[in-house]
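Everything below concerns the one structure shown next.
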Amino acid sequence: MTVIVQQTLPYDPTQQRPLPGIAPTTMEDWLHRDDAFAAQMRHRQHLLETRRDDVLALDPQAHSAAVELLDLVLAQAYPEAADTVLRSDGVSVPIDRENPLDTLCLLAQEDFCILQKQGDEHVLTGAILCFPASWRLSEKFMRPLIDIHEPVDSYDLNIARRVQRLFDGIQVGRPLWRFNALWYDDPELHQPRSASAPREIRDRGTTRYLRSERQTLLRLPETRAVVFSIHTYVVPVEHLPEMENPA
């Protein structure tokens, strides 16, 4: 087990929001880099090298969207990069547009899911997912939104319709964001779990860590794909202020 934690969160996880809990944000605030950057990036590289089939999936139809996403991340986080990125932790990353998700994995702390409209629904056609919070990429790949959220009790048909309308309405240059708050005993970031064996829901009084995902949605201007990004924070309970249980 790899213990990688942050000391603080950049938002208040006690703020209750009704599903889907979405608020506007800006492109300047799209990607985050925090005190766990170097450690998370080392873990991402290890997972990519040892468990690539578990953390990466890309349908051929999504390759152009993945390249567009890579170029957007480069423009936002590494505007001076040419053929190679020099990260803030001193690691050099070659830019490989033939394998855009491999490169993205080593550039940002965020995981990225690419969703493209097929018929009336958005379908997960590509992802680099190193830090799943109790789900498996292999079970969600090439499935529509309603199927992706199938195990979530509160994600009913009404919420599914609202989320699909939300995806349809996402505008270029106007990203959206939300967060969740989950209580875990184990700080390991890579926690895949089958939908057929769901995790026991815990609360603050019985666990050691708060795991919170800062999730964003944005539309790519050229391919029109929607990108769902996930920045994972794990904070020891003793580092948290006194608060009500957000779960």
Side-chain angles (χ1 to χ4, degrees), residues 1-10 25-60 62-114 125-133 137 141 173 175 177 187-192 211-216 218 220-223 225 227-235:
M1 179 181 68
T2 305
V3 178
I4 300 170
V5 297
Q6 287 95 343
Q7 300 303 307
T8 60
L9 284 165
T25 186
T26 64
M27 289 303 300
E28 291 74 19
D29 199 37
W30 172 42
L31 303 175
H32 280 200
R33 186 178 299 174
D34 59 46
D35 56 319
F37 178 82
Q40 282 199 3
M41 299 312 293
R42 286 194 298 270
H43 198 22
R44 295 175 71 81
Q45 182 167 355
H46 173 74
L47 290 166
L48 185 64
E49 292 172 350
T50 61
R51 307 193 65 170
R52 187 177 188 275
D53 290 344
D54 294 328
V55 303
L56 189 152
L58 184 64
D59 188 78
H63 185 268
S64 295
V67 172
E68 186 180 7
L69 173 59
L70 170 59
D71 287 337
L72 184 59
V73 170
L74 288 169
Q76 290 288 121
Y78 303 98
E80 304 301 321
D83 298 325
T84 302
V85 165
L86 180 62
R87 294 194 323 229
S88 60
D89 58 352
V91 174
S92 294
V93 179
I95 299 170
D96 181 2
R97 289 182 174 83
E98 292 300 313
N99 296 286
L101 294 185
D102 294 71
T103 304
L104 277 168
C105 180
L106 304 179
L107 296 184
Q109 287 177 259
E110 284 78 8
D111 284 321
F112 296 101
C113 298
I114 296 169
T125 55
I128 179 69
L129 184 74
C130 291
F131 302 153
L137 177 56
F141 183 56
W177 83 286
E188 171 58 48
L189 288 158
H190 181 70
Q191 295 217 26
R211 179 176 179 134
S212 182
E213 297 173 327
R214 181 183 184 272
Q215 305 168 347
T216 66
L218 65 80
L220 298 175
E222 299 298 327
T223 60
V227 175
F228 176 66
S229 67
I230 308 163
H231 187 115
T232 301
Y233 295 89
V234 177
V235 180

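Keep in mind the model is a prediction, meaning the values are calculated, not measured.
- The distance from the NE2 atom of H43 to the CG atom of L48 is 12.5 Å, given to the nearest 0.5 Å.
- Residues meeting the salt bridge (Lys or Arg N to Asp or Glu O under 4.0 Å) test with R42, sequence neighbours left out: none.
- Taking the side chain as every heavy atom from C-beta outward, L72 and E68 never approach each other to under 4.5 Å.
- Considering all non-hydrogen atoms of both residues, A62 and T125 come closest at CB-OG1, 3.4 Å.
- Under the salt bridge (Lys or Arg N to Asp or Glu O under 4.0 Å) criterion, R44 pairs with D111, not counting sequence neighbours.
- Of all heavy-atom pairs between V227 and F112, the closest is CG1-CD2, 3.9 Å.
- In this structure, Q6 and T232 approach most closely via the heavy-atom pair NE2-O, 3.2 Å.
- Atom OG of S229 and atom CD of Q109 lie 12.0 Å apart (nearest 0.5 Å).
- Checked by atom type and distance alone, the side chain of E110 never pairs as donor or acceptor with a backbone atom of I230 at under 3.5 Å.
- The side-chain heavy atoms of Q191 and P132, taken from C-beta on, include no pair separated by under 4.5 Å.
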- Query: Checking side chain to side chain contact (heavy atoms under 4.5 Å, CB included) for the pair V55/I128: CA distance, chi angles, key distance, verdict?
  - Reply: CA-CA 6 Å; V55 303; I128 179 69; 4.2 Å; yes

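- Atom CG of L106 is separated from atom CD1 of I95 by 11.5 Å, given to the nearest 0.5 angstrom.
- Note that CG of L129 is 10.0 Å distant from CG of L56, once rounded to the nearest 0.5 Å.
- Contacts of D29 classified as salt bridge (Lys or Arg N to Asp or Glu O under 4.0 Å), with partners at least two apart in sequence or in another chain: R214.
- A distance of 8.5 Å separates NE2 in H63 from CG in L101, rounded to the nearest 0.5 Å.
- L9 has its side chain within reach of S212: a pair of non-hydrogen atoms, C-beta onward, lies under 4.5 Å apart.
- The side-chain contact (heavy atoms from CB on, under 4.5 Å) check on D89 picks up F37, A38, M41, R87, V91, with sequence neighbours excluded.
- With hydrogens and angles disregarded, no donor-acceptor distance shorter than 3.5 Å links the side chain of E222 to the backbone of S64.
- Residues I4 and V234 form no side-chain contact, since every pair of their non-hydrogen atoms from C-beta on lies 4.5 Å or further apart.
- One side chain, D34 or H231, offers a donor N or O that lies under 3.5 Å from an acceptor on the other.
- The shortest non-hydrogen separation linking L58 to P100 is CD2-CG, 4.4 Å.
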Less than 3.5 Å apart, which donor and acceptor atoms pair up between the side chains of residues 76-84 and the rest of the protein, not counting sequence neighbours?
unit_1, atom_1, unit_2, atom_2, d
Q76, NE2, M27, O, 2.8
Y78, OH, R33, NH2, 3.4
Y78, OH, L107, O, 2.7

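- Residues that satisfy the salt bridge (Lys or Arg N to Asp or Glu O under 4.0 Å) test with D96, not counting sequence neighbours, are absent from this structure.
- Of the candidates E213, H32, Q7, Y233 forms a side-chain hydrogen bond (donor to acceptor under 3.5 Å, both in side chains) with just one, namely H32.
- Listed here is the closest heavy atom pair of I114 and A225: CG2-CB, 4.0 Å.
- To the nearest 0.5 Å, atom CG of residue L69 and atom OG1 of residue T103 are 11.0 Å apart.
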- Task: Kindly determine whether R211 and E188 satisfy side chain to side chain contact (heavy atoms under 4.5 Å, CB included), including the steps that lead there.
- Result: CA-CA 10 Å; R211 179 176 179 134; E188 171 58 48; over 6 Å; no

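- Here the closest heavy-atom approach between residue L104 and residue V73 is recorded as CD2-CG2, 3.5 Å.
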